[in-house]
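By convention in this document, chain letters (A, B, ...) are assigned in the order of the sequence lines, proteins followed by strands, and residues within each chain are numbered from 1.
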Amino acid sequence: MLVDLDYFFAQVEERRNPSIRDKPVVVCVYSGRTEESGVVSTANYIARRFGVRSGMPIILAKKRLKGVEAVFLPVDHDYYEEVSERVTTILRGNADDFERVGIDEAYLEVSRRVEGDFGRAAALAQLIKGEVRDREGLTCSVGVGPNKVVAKIAADAKKPDGLTVVRPGEVVPFLSPLPADSLIGVGKKTAERLEALGVKTIGDLANYDVQRLIECFGKSLGTYLHNASNGIDDEPVQERGEAESISRIATLKEDTLDLRGIIEVTDRLCKEIHESLVQRGLSFKSVGIVAVMKDLSIRTRSRTLESPTDDVGVLRGAVKELFERFLGESEIEARRVGVRVSGLVKGMETQRRLTSFF
DNA sequence: GTATGCTTTCGGC
DNA sequence: TTACGGCCGAAAGCATAC
């Protein structure tokens, strides 16, 4: 079963201030470059009727809503996280196994508690929807299926406040007519490549030669596309561990290739990352930088240290070196810059003992 | 040949 | 007409070790 909270950020804002419920609500990530630069994070269904979509520039959303009384709000991520954690507790309590996928989505393995009965699973889904509504005042859309791939697509079938059950015998006819990019893992790039092969729907994909798919997309994605389009998926529902990387990114006041200006920004990002590391008692082994260029293309560079550390000075030094080298070879100006640490390990005990020993 | 590690890109939310 | 965030994980592609 997949539970997906409807238009989550905007719905939470509606709950916080019910007077906006009957208007278009657009939750935005303001980049700070100009008054209105940034993108739409989430919009409620009223705003969507005007063509407002996630990822759309704010200025374009305003154009779509010209002459309409609409509400534009900045994201309040800490608050959404709080609400999400309470909902997560409700959901986890209704599952044999649980997997939180993002801030607004989770897989629930319920086979054992419903003894494999899809009717009972549907009843449980209704119960969960009721509990989330009564306790948190939020609606969600639920998909029930024989595996994660099918449950996910089922949840997308009816939104908001939907419940879609796809029984094992119904899987292939349910999937067949849907566009190929309904499958998780098929984004814009993969959809374009599939289209070039004449594959438009999941049904086209299911009937396409597996060997060809593997030749075009590699073994992993190729076999996945074949199996998933045929409704076959045996990925387990399981709790995810701690984050494997921590990153921060910021938009520059203006596009530039100037090292000093960029380091001023990345030093702040390094400080934030360091605070997060200290809070979680982690050290890092790899340091990466990312630059979103003027043309919105993305470049990354990274390097691995000789040993893990939690030293913010080491982090800043590595970031500076990476940018120094990168900016030297770049012809186009950077718009946004970011820092990422990975290879996270608990604590620093071993390293400290070694350094103090030598 | 197989396993493992590192860098980079892609996709989801 | 254009317009444009901030995260995260997965995996491809490559190099090196065994």
Side-chain angles (χ1 to χ4, degrees), chain A residues 2 4-10 26-43 52-64 74-78 80-81 84 99-106 148-149 152-153 155-156 181-193 214 216-225 235 240-252 255 265 269 272-273 276 285-306 322 325-326 335-344:
Chain A
L2 180 96
D4 185 352
L5 291 159
D6 297 319
Y7 63 103
F8 183 51
F9 297 176
V26 186
V27 179
C28 303
V29 183
Y30 291 98
S31 70
R33 170 169 287 206
T34 68
E35 193 75 10
E36 295 186 326
S37 71
V39 300
V40 173
S41 180
T42 321
V52 175
R53 295 287 180 270
S54 295
M56 171 182 279
I58 294 164
I59 194 78
L60 181 51
K62 295 212 160 166
K63 199 169 158 181
R64 298 270 166 97
V75 287
D76 183 353
H77 212 273
D78 291 347
Y80 310 146
E81 190 62 53
S84 171
E99 179 175 349
R100 189 180 187 223
V101 183
I103 193 165
D104 65 349
E105 210 176 299
K148 293 208 287 187
V149 162
K152 169 73 180 167
I153 300 179
D156 288 337
D181 63 4
S182 316
L183 278 179
I184 184 167
V186 179
K188 190 156 165 275
K189 301 259 179 179
T190 308
E192 274 169 20
R193 291 170 63 194
I214 292 173
C216 293
F217 297 96
K219 184 156 192 192
S220 172
L221 185 55
T223 40
Y224 167 77
L225 291 173
E235 286 303 306
R240 302 205 175 178
E242 297 296 295
E244 289 170 17
S245 71
I246 299 174
S247 62
R248 292 291 183 272
I249 185 165
T251 302
L252 300 166
D255 300 346
V265 174
L269 302 178
E272 287 181 30
I273 288 174
S276 175
K285 193 151 175 280
S286 291
V287 177
I289 60 164
V290 55
V292 180
M293 314 310 288
K294 192 194 186 87
D295 65 357
L296 301 184
S297 64
I298 298 168
R299 316 286 163 82
T300 63
R301 295 289 184 271
S302 69
R303 97 170 232 230
T304 296
L305 307 173
E306 276 151 28
L322 287 165
R325 241 184 301 162
F326 168 72
R335 176 185 178 90
R336 301 160 61 201
V337 292
V339 178
R340 184 171 186 173
V341 296
S342 56
L344 304 180

Sugar-phosphate only, base, or nothing, as touched by A:Val40 at under 4.0 Å among non-hydrogen atoms: nothing
Phosphate OP1/OP2 of C:dC8: any A:Ser247 side-chain N/O under 4.0 Å: yes
Sugar-phosphate, base or nothing in reach of A:Leu221, heavy atoms under 4.0 Å: sugar-phosphate
Separation of atom CG in A:Leu296 from atom P in B:dC10, rounded to whole Å: 14 Å
Per A:Ile249 side chain, nearest of listed nucleotides B:dT9, C:dG6, B:dC13: C:dG6
Nucleotide of C:dG5, C:dC7, B:dC13 approaching A:Arg248 most closely (side-chain heavy atoms): C:dC7
Plane angle bin for A:Phe9 and A:His77 - parallel if under 30°, tilted between 30 and 60°, otherwise perpendicular: perpendicular
Of the listed nucleotides C:dC7, C:dG9, B:dT9, the one nearest the side chain of A:Ser245: C:dG9
Sugar-phosphate, base or nothing in reach of A:Thr42, heavy atoms under 4.0 Å: nothing
Nucleotide C:dC7, atom P - distance to CZ of A:Arg336 in whole Å: 9 Å
Spacing between A:Met293 atom CE and B:dT9 atom P, to the nearest angstrom: 12 Å
Closest listed nucleotide, where the reference is the side chain of A:Arg340 and the choices are C:dG9, B:dC13, B:dT8: C:dG9
Heavy-atom pair with the smallest gap, counting every atom of A:Val40 and A:Ala61: CG2-CB, 3.7 Å
Atom pairs, N/O to N/O, protein against nucleotides 4-6 of chain B, distance under 3.5 Å?
| residue | atom | partner | partner atom | Å |
| --- | --- | --- | --- | --- |
| B:dC6 | OP1 | A:Lys285 | NZ | 3.2 |

N or O in side chain of A:Ser41 less than 4.0 angstrom from C:dG5 OP1/OP2: no
Among B:dC13, C:dG6, B:dT8, the nucleotide that comes nearest once only the side chain of A:Lys152 is considered: B:dC13
Between C1' of B:dG12 and CG of A:Leu2, the distance in whole Å: 13 Å
Touch class at under 4.0 angstrom, heavy-atom based, for A:Glu36 against every strand present: nothing
Euclidean distance, atom CG of residue A:Leu269 to atom P of C:dG6 [Å, nearest integer]: 9 Å
Distance below 4.0 Å between A:Arg335 side-chain N/O and C:dC4 OP1 or OP2: yes
Sugar-phosphate only, base, or nothing, as touched by A:Ile58 at under 4.0 Å among non-hydrogen atoms: nothing
Spacing between A:Arg299 atom CZ and B:dT9 atom C1', to the nearest angstrom: 12 Å
Touch class at under 4.0 angstrom, heavy-atom based, for A:Thr190 against every strand present: sugar-phosphate
Spacing of A:Ile246 atom CD1 relative to C:dG6 atom P, expressed in whole Å: 18 Å
Sugar-phosphate, base or nothing in reach of A:Gly55, heavy atoms under 4.0 Å: base
Touch class at under 4.0 angstrom, heavy-atom based, for A:Gly102 against every strand present: nothing
Closest nucleotide among C:dC4, B:dC13, C:dG6 to the A:Pro57 side chain: C:dC4
Nearest heavy-atom neighbours spanning A:Val265 and A:Val337: CG1-CG2, 4.0 Å
Separation between the C1' atoms of C:dG5 and B:dG11, rounded to whole Å: 15 Å
